[in-house]
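Data block below; observations after.
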Amino acid sequence: MDVSTTALAQTLLNGALLGCLYGCIALGLTIKWGHLGIADFFHISVVLLAAYITFTLVTEAGWHPFATLLVTAPACFVVGVASQWLFTRLDADDTTSLLLTFGLFIVAEGVASQLWSADLKSMRRDLPDGLREAIHLPAPLDRLAVTPPDLLSLVLAVVMVGLASWSLRFTRSGRAVQAMRQDQPIAEAFGVRAAPLALAVSGLAALSASVAGMAVAVKMPLQPQLPLHWIGVVVVACLLGGLGRPLGALVAAVVLMMLQNAWSLWFAPQWASAVTYGVLVLYLAAQPLSRVIRERLTHERPTRERPAVRSLA
Amino acid sequence: MSLLRCTAVTKRFGGLKALDGVDLEVGAGEIVGLVGPNGSGKTTLLSTIAGSLPVSGGRIEFQGRDVTRLSSHRRAHAGIARTFQIPRPLGSFDVLGNVATAAMFGRDRVSRSEAIERAHGVLKRIGLDGHAGSDVTTLTLHEHKFLEIGRALALDPRLILLDEVLGGLNPAEAAAGMELIASLRDDGRSVIYIEHNVRAVTALADRMYVLDRGRNLFDGTPTEVVGDDRVVAAYLGGGARA
């Protein structure tokens, strides 16, 4: 099938912008997984629940989508703190926390079906005019267009991921989180207050779900099964991007969605999600080879400083 | 007044009593050696003092304050720092980052720039200033051990718990280590020092405690300790003096 350059460019652009939305969803998961050691699949459900609350407040109370964050952000923060408190109280190991969060993930779908029904819920008609009309890019790209919800995803992804990466890299708390991730007893021996820090990190990760939920509600119709569609891309983006690395997850999500969209131009769209897992399999298969190359380079130059090492100066 | 006082400290791991009513006192500016055969409870006692392990019974006072139930980070803020028998550097930070991170969260909550400044000072003192930007995996064993001391020093503690920091070092490196430990006393800091090398401990310590099977066996000056029959028997077996 012949595909015009414009169609390809538009498809890749749409994929990149959808990837930004997935990057927003993946942000909280990669932080909790990488820094707290909890693969919290329930985080993806929290995004959907936040989206439904946004939908309800916009369609029934006439709130502006941004204003709904006044409700969803504190609510998600509390959910994040409570879940971390629960994991700490249970002294949950990797398997226990995985089972728990996956159980909550399934339960959340049922809860959403009960509260909002299994029907598609769209708030497109209730959105302000500025969020509904497509915007053409300036010349010479004026044949390409983006929608305001896509731009919103882009802005939110850049702001949230930028803020998270900067905080982890340059603030005292970020430093403490990194130390805690590497060796909690050592971090505590340094004076890092690990328990309250873990609660705060979990709360902030969940808070990001409220923002992602708002972006989801603005962009697409809601249905309780959405997390099942998201989970593949989100989890693979976290793994490919490096656990605990918000920017890595965002970049991976953008690349994956561009690949998926491009695939749909030439091949059957129902196989598009297989592209994501295919990339993960290729990545995992290449790991031993990359390790061998890395070790060779390290062996040949034993005193060379690794670029991955973080310097404070 | 004692800087640290442990009274009847007990630690059980299930049915095993690793510490059984241990008493220990450390004065300000004093180096106290803690010796005993393998499995006598030295490291366990250090961990209970640092707050890494909760005690099963007894009381720990630091600067006249009961710290028995305080978490390890609160004890670090109070002025207790420790090293680990097997060095545990934070692998994704460079050498400076390891020390600066300790400085940032220690007794004085210093800013990032102050922490870096303090870390540079500490690295100079422990002789690792040339490795500030190095990956910790490139350090030799003695540099790893000194980095452990440096990280503890960066907390600006009043009491430093050293767990076999000279183990595995050659004589020249061990001598440099002993000099460094002695200089901690000159700072006015107190030290509890665990070492298998009794000669090194006796050379540095003002007083020594000997543990055996989780209990106090003897305490006194280094001269008294090495001359005591019970200590010799604990180390070498019952018939050593016969």
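Values below: every heavy atom of this structure, side chains too, minus hydrogens, waters and symmetry copies. Letters go in sequence order (proteins before strands), and every chain restarts at 1.
Stacking of Arg82(B) on the aromatic ring of Phe84(B) is recorded, both the 6.0 Å distance cut-off and the 45° axial limit being met. Note that Arg175(A) lies in the cation-pi zone of Phe93(B), set by a 6.0 Å cut-off to the ring centre and a 45° limit from the axis.
Contact detail for Ser83(A) and Asp40(A): the closest heavy-atom pair is OG-OD2, 4.4 Å.
Heavy atoms closer than 4.5 Å to chain A are found in both the backbone and the side chain of Ala102(B). In this structure, chain A has no heavy atom under 4.5 Å from any part of Val99(B). Heavy-atom distances place the side chain of Arg74(B), and not its backbone, under 4.5 Å from chain A. Contact annotation for Leu90(B): both backbone and side-chain heavy atoms come within less than 4.5 Å of a heavy atom of chain A. Neither the backbone nor the side chain of Ala195(A) comes within contact range of chain B; no heavy atoms are under 4.5 Å apart.
Here the side chain of Ser165(A) pairs no donor or acceptor atom with the backbone of Gly162(A) at under 3.5 angstrom. Remark: side-chain polar atoms of Thr30(A) are paired, donor with acceptor, to backbone N or O of Gly244(A) under 3.5 angstrom.
Heavy-atom pairs under 4.5 Å with chain B were tallied for Asp183(A), Val192(A), Ile186(A); the largest tally goes to Ile186(A). When each of Arg75(B), His77(B), Arg88(B) is scored by its heavy-atom pairs under 4.5 Å with chain A, the top score falls to Arg88(B).
Salt bridge annotation for Glu61(B)-Arg59(B): present, with a cationic side-chain nitrogen under 4.0 angstrom from a carboxylate oxygen.
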